[in-house]
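All of these numbers come straight from a predicted model, not from anything done at the bench. Numbering of ligands and ligand atoms starts at 1, following listing order.
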Amino acid sequence: MRLKYAIGNWKMNGSLAEMKHISDIASAASELSAIKAVICPPAPYLSAALGAAGAHIGIGGQDCHMSEKGAHTGDVSAAMIADLGARYVILGHSERRTDHSETDAQVSQKAIAALGQALTPILCVGETRTEREEGRADEVVRMQITSSFEGISDGRKVILAYEPVWAIGTGLIPTMAQIADMFAVISEAVSFIPNHDQISLLYGGSVNGENAAEIFALNGVDGALVGGASLTSAKFAPIMQALAKS
Ligand code: PGA
């Protein structure tokens, strides 16, 4: 059984006052037992978010270092995220890959560090617009999966998010046929991972309350990683509800 996830990535947004949106999201989620909702706030707000979340939603980080501790100014370890009581961490998001030149090899090391602290890594992959226009989207995503998931020994403990880079924050989304085709490629590409049939596969990139139901109806899509539309319950609850109905 693959769990259905609605995961909110707050990126570098939010404030202490805005933790009330997490409480609102948690109360909307409390009526939806068929899905797992998770919010990933910026690291300084993890504790406050955990307080606001209660038992109905999970809380996660947006990145972690591959080392447990040491001289890495500005970084946060998986152990620290776990120590607070968070249970998830987004890894290899395209904004990390672009802004911090993160490589697939680093993403794989971070995932192994996260698993070592019993965090569930949410590993992100996805092609750029140029790569899609050049007809290389399938090949790029396959390679990212092969390298970023290297060393992962149990598919039940990880989540994969396919996020076409050109769809993130742009309001553009692939056609339903393009998403379905890519999910078929992904299902094949993860087959080297033990228990790969248990990996929840999410779509991300401009998901909102209007397009969510259509995306969740696609074969193999187990949920979504959501940026902008996860910042308030008014926007995120319709996505969680669409997932619960799918
Ligand atoms: P978006 O972001 O929903 O705002 O497009 C998705 C993401 O980057 O995870």
Side-chain angles (χ1 to χ4, degrees), residues 4-14 18 21-22 25 35-43 45-46 49 57-64 86 88-102 107 110-111 114 119-129 131-132 137 140-141 144-145 148 158-176 178-179 182-183 186 199-216 218 221-243:
K4 292 180 179 183
Y5 284 100
I7 303 181
N9 172 11
W10 278 23
K11 310 191 178 188
M12 201 171 71
N13 296 295
E18 285 173 81
H21 296 307
I22 293 189
I25 290 168
I35 68 157
K36 186 83 198 151
V38 178
I39 296 290
C40 301
Y45 297 122
L46 278 170
I57 60 170
I59 295 294
Q62 297 178 6
D63 176 49
C64 70
Y88 300 85
V89 63
I90 298 171
L91 294 174
H93 188 278
S94 69
E95 287 148 19
R96 298 284 319 168
R97 292 175 184 264
T98 305
D99 296 354
H100 301 274
S101 311
E102 276 188 16
V107 173
K110 289 176 177 210
L119 295 176
T120 300
I122 304 151
L123 277 86
C124 305
V125 296
E127 82 286 357
T128 62
R129 177 187 287 279
E131 288 161 346
R132 179 160 285 272
V140 165
V141 169
Q144 286 177 335
I145 291 174
S148 304
V158 295
I159 297 170
L160 183 151
Y162 165 61
E163 301 201 298
V165 178
W166 51 275
I168 295 175
T170 57
L172 301 170
I173 62 164
T175 64
M176 294 304 124
Q178 284 172 325
I179 299 177
M182 186 56 88
F183 271 69
I186 291 170
I199 304 176
S200 294
L201 305 178
L202 316 186
Y203 168 79
S206 296
V207 175
N208 58 41
E210 276 85 64
N211 60 24
E214 197 183 3
I215 296 169
F216 297 150
L218 293 171
V221 178
D222 303 312
L225 180 56
V226 184
S230 71
L231 294 169
T232 63
S233 181
K235 288 183 179 164
F236 199 50
I239 297 171
M240 295 192 294
Q241 286 153 3
L243 184 60

Y162 and E127 side chains, donor-acceptor separation under 3.5 Å: yes
Partners passing side chain to side chain donor-acceptor pair (under 3.5 Å) against K36 (at least two apart in sequence or in another chain): none
Within the 4.0 Å heavy-atom sphere of ligand 1, strictly under, residues: N9, K11, H93, E163, A167, I168, G169, G205, S206, L225, V226, G227, G228
Donor-acceptor contact below 3.5 Å, side chain E131 vs main chain A137: no
Short side-chain donor-acceptor distance under 3.5 Å, E95 and T98: no
Distance-only side-chain donor-acceptor flag, T170 / R129, under 3.5 Å: no
Salt bridge (charged side-chain N to carboxylate O under 4.0 Å, His left out) assessment of E102 paired with R96: CA-CA 6 Å; E102 276 188 16; R96 298 284 319 168; 3.0 Å; yes
